[in-house]
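Atoms considered below: every heavy atom in the structure, side chains included; atoms not considered: hydrogens, waters and symmetry mates. Just so we're on the same page: letters track the sequence lines, and every chain starts at 1.
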There are 4 protein chains.
Amino acid sequence: MARPLSEEKREAILEAAAELVATLGTGAPTAKIAQAAGLAEGTLFTYFATKDALLNELFLAIEAELAATMLEGYPAKAAAQARCRHMWDRFIDWAALNPMKHKAMRQLKVSDRISAESKKLGEMLFQEVKALLAQNLAGHAAKENMPDYNGAVLGALADMTLDFIARHPRKREAYKQAGFEAFWKAIAR
Amino acid sequence: MARPLSEEKREAILEAAAELVATLGTGAPTAKIAQAAGLAEGTLFTYFATKDALLNELFLAIEAELAATMLEGYPAKAAAQARCRHMWDRFIDWAALNPMKHKAMRQLKVSDRISAESKKLGEMLFQEVKALLAQNLAGHAAKENMPDYNGAVLGALADMTLDFIARHPRKREAYKQAGFEAFWKAIAR
Amino acid sequence: MARPLSEEKREAILEAAAELVATLGTGAPTAKIAQAAGLAEGTLFTYFATKDALLNELFLAIEAELAATMLEGYPAKAAAQARCRHMWDRFIDWAALNPMKHKAMRQLKVSDRISAESKKLGEMLFQEVKALLAQNLAGHAAKENMPDYNGAVLGALADMTLDFIARHPRKREAYKQAGFEAFWKAIAR
Amino acid sequence: MARPLSEEKREAILEAAAELVATLGTGAPTAKIAQAAGLAEGTLFTYFATKDALLNELFLAIEAELAATMLEGYPAKAAAQARCRHMWDRFIDWAALNPMKHKAMRQLKVSDRISAESKKLGEMLFQEVKALLAQNLAGHAAKENMPDYNGAVLGALADMTLDFIARHPRKREAYKQAGFEAFWKAIAR
DNA sequence: GATGAATGAGAATTCATTCAT
DNA sequence: GATGAATGAATTCTCATTCAT
């Protein structure tokens, strides 16, 4: 094999795409994405067959990153609420640290360029998160047997919380705290 | 600029734009919008100077419609929770009845083609909704003095609820009920 | 109706396309064709939806022109051979006068961008030519009842004759004469 | 430039190119040709400096193959007409057996990517065919001293005959016979 | 010598906007 | 005011060719 496909370049494209999709929406030009990734226009297409393929893979890459981030350092021995709080905090901190990725994700979530299949795959990436959530909410949540529902509540309130943090970055910890409390109450029995 | 002659055509353009933005995102072609409105391509531009102007006005028109809808038939004499529930129900029912408008609104909310000014104007359209909310939450809400926050929680949970309704239309009433309960608990003291 | 589609511009595009397809083959860029027609790049596509549509219409336009040319001034009262000779001469003279169109036609005939339907329509344009040919060859031709065959022989020998004329334009009349004689003998009983 | 190592690969490229040029015209991508030949994209260019070089060599290779084929098994002792008929039959049979090569040849013949020099070289490859033709037509042909002309008539009628055979493969022998007769009469005194 | 990733100049279209009718 | 043809910049994607491995 000649020069192998560089994982580094693939990452650079996804990184650049996240940045530009966050800013310009899914209409972000592939030429700009390639340029931002430090590559020639055409090179992008050796890594992603079409722009839609790129968008879908970007969506999945971000979802995978977020899902993995939420589980990192999971305090298996802590109390149920603390374990939930851990996942919440990691979501918020990740998004605060990667605002472009979070913004791109929100654009992609409402875009029709993300296929039903990608959306389903995206859901599956959060399976473990939702399983842990379900486990921790046993005895607390009103809808114990609907992990999707509780996960969606968490997601909705996290996105909302991040909007407030974006507007008042100084109050990050306060909003983070308030958001989690809202979540914890929202799903309670 | 004097108001153009036919208010009817203006409405038709906004209606068509909502439909197409919902489906195709903000990239929806003006030519298709005009056609869907039953007009010639060029005519659109006698009603809206640019596409961005149309998009911004569409955003405001939908927000205004939603805000007005939430207040319609407001049961001034009912109990506080019932009054909140009224606004919640009207939101959900409006979105279930106008899925395209709701979808368009969600696209527009995350789009950078909506100016900061439009976003601020959009906020202001919900001033009365938020004032009533504040009034009804006095004594119940944890953050009594942050009507924006409570309004945002309502919005986030409503959008989430509508996602579930979209997936399982049959369970509309159950989700509507559950969503409101989640909201009511979320913001509680 | 605003400005109507200009038949003149449509012709200009077809004319320019003939010229460029003759020279560059079906790979001739639409941008160059538009420019040669004195129009903006985009304008071409208001007259022809796609490049393939243009190519197919060009093919049919040239075939129609040739078919019509072969019939012009048809000497209905002359002898059978003279009537055939008339059509032959008009073919050769038209191609000698419109070498680009003839060359374009030859490119298009072997191209897979011309649809089966266009090819069938092209055949039909020569129906009258072939009918007259059949009529004049009655009693002379070996395959009286195969007008397609006799027409194809005429076409093949005409194209070949035009190759010689292209190489030695001075001997045009001699080749024209020789070519017809070859045809007349070829199809004879 | 020394002959590259693998004659086998060179042949494979030419074979693949014939197939793809027949199907896609001269616009056939070199990458697809290489792939069809079982080689990497870049390898093609160690055998042919440029795509035009490949196209020109392909043209000459096919012409050479056809010329050689027409002479194979030449019945030196048969009568003049039978000797001509032999060459005709071998042409038709070769094309019927190698339809892609024949189709590619027709595409290349009308393409401007084939240089004047290649066209001249192509002519020369048929020198012996034409010499034998001239010899056999002595006393029969109207244009005894124009072997190019008689050869061109043969070529034109053969291509036409092959069009009919392509459309009605069952009648191959009948068309082959009829075509030769047409040729024999066409060039007769 | 073989490989295939990298390149960037096109290629065909699309589209917001203008303006002659 | 309404129409839709005209414009040309911008967009996605292709492809011959080069060159690091």
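Side chains of B/E11 and B/E7 form a contact here, defined as non-hydrogen atoms less than 4.5 Å apart. The closest side-chain heavy-atom distance from C/M105 to C/M100 is not below 4.5 Å. The closest side-chain heavy-atom distance from C/K101 to C/E15 is below 4.5 Å. At least one side-chain heavy atom of D/L54 sits less than 4.5 Å from a side-chain heavy atom of D/I33. Residues D/D159 and D/H102 are in side-chain contact: their nearest non-hydrogen atoms beyond the backbone lie under 4.5 Å apart. Between C/R10 and C/L14 there is a side-chain heavy-atom pair separated by less than 4.5 Å.
Phosphate proximity of E/dA16 to B/T30: present, with a side-chain N or O under 4.0 Å from OP1 or OP2. The phosphate of E/dA5 has neither OP1 nor OP2 within less than 4.0 Å of any side-chain N or O from A/Y47. For the OP1/OP2 pair of E/dT7 and a distance below 4.0 Å, the side-chain nitrogens and oxygens of A/T43 include at least one atom meeting the criterion. A close approach under 4.0 Å does not occur between any side-chain nitrogen or oxygen of B/K32 and OP1 or OP2 of E/dC15.
Looking at the side chain of C/A40, the nearest of the listed nucleotides E/dT3, F/dT7, F/dA5 is F/dT7. For A/L5, the side-chain atoms get nearest to E/dA6 when compared with the rest of E/dA6, F/dA16, E/dT17. Here the side chain of D/F45 is nearest to one of E/dT3, F/dT18, E/dT17, namely F/dT18. The side chain of D/T46 has E/dA2 as its nearest neighbour among E/dT13, E/dA2, F/dA5. Of the candidate nucleotides E/dT7, F/dC15, F/dT12, F/dC15 has the atom lying nearest to any side-chain atom of D/P29.
When the C1' atom of F/dA5 is taken as reference, atom NZ of C/K9 falls 7 Å away, rounded to whole Å. Between the CZ atom of C/R113 and the C1' atom of E/dA11 there is a distance of 10 Å, rounded to whole Å. Atoms NZ (C/K51) and P (E/dT13) sit 8 Å apart, rounded to a whole Å. Between the CG atom of C/L54 and the C1' atom of E/dT13 there is a distance of 14 Å, given to the nearest Å. In this entry the distance linking CD1 of C/I33 with P of E/dA12 reads 8 Å, nearest Å. Distance, A/Q35 CD to E/dT7 P: 13 Å, rounded to whole Å. Put simply, CG on B/L24 is 16 Å from C1' on F/dT11, counting in whole angstrom units. Look at CD on D/E41: it is 11 Å from C1' on F/dT18, rounded to the nearest Å.
Partners of A/Q35 according to the side-chain hydrogen bond (donor to acceptor under 3.5 Å, both in side chains) rule, which considers only residues two or more places apart in sequence or in another chain, do not exist here.
Within the 4.0 angstrom heavy-atom criterion, only backbone atoms of the sugar-phosphate kind lie near B/A28; the bases stay farther away. Residue D/A34 is out of contact with every strand shown, counting any heavy-atom pair closer than 4.0 Å. Across all strands shown, C/F48 has no heavy atoms under 4.0 Å from either base or sugar-phosphate atoms.
Atom CD1 of B/I62 and atom CZ of B/R106 lie 13.0 Å apart (nearest 0.5 Å).
Taking a pair as Watson-Crick or G-U wobble with both distances under 3.5 Å, DNA chain E forms stems of 3 or more consecutive pairs at E:2-21 with F:2-21.
Residues C/D52 and A/L39 each lie close to DNA chain E; by heavy-atom proximity, the contact nearer the 5' end of the strand is made by A/L39. Between B/G27 and D/G38, the one whose closest nucleotide on DNA chain E sits nearer the 5' end is D/G38.
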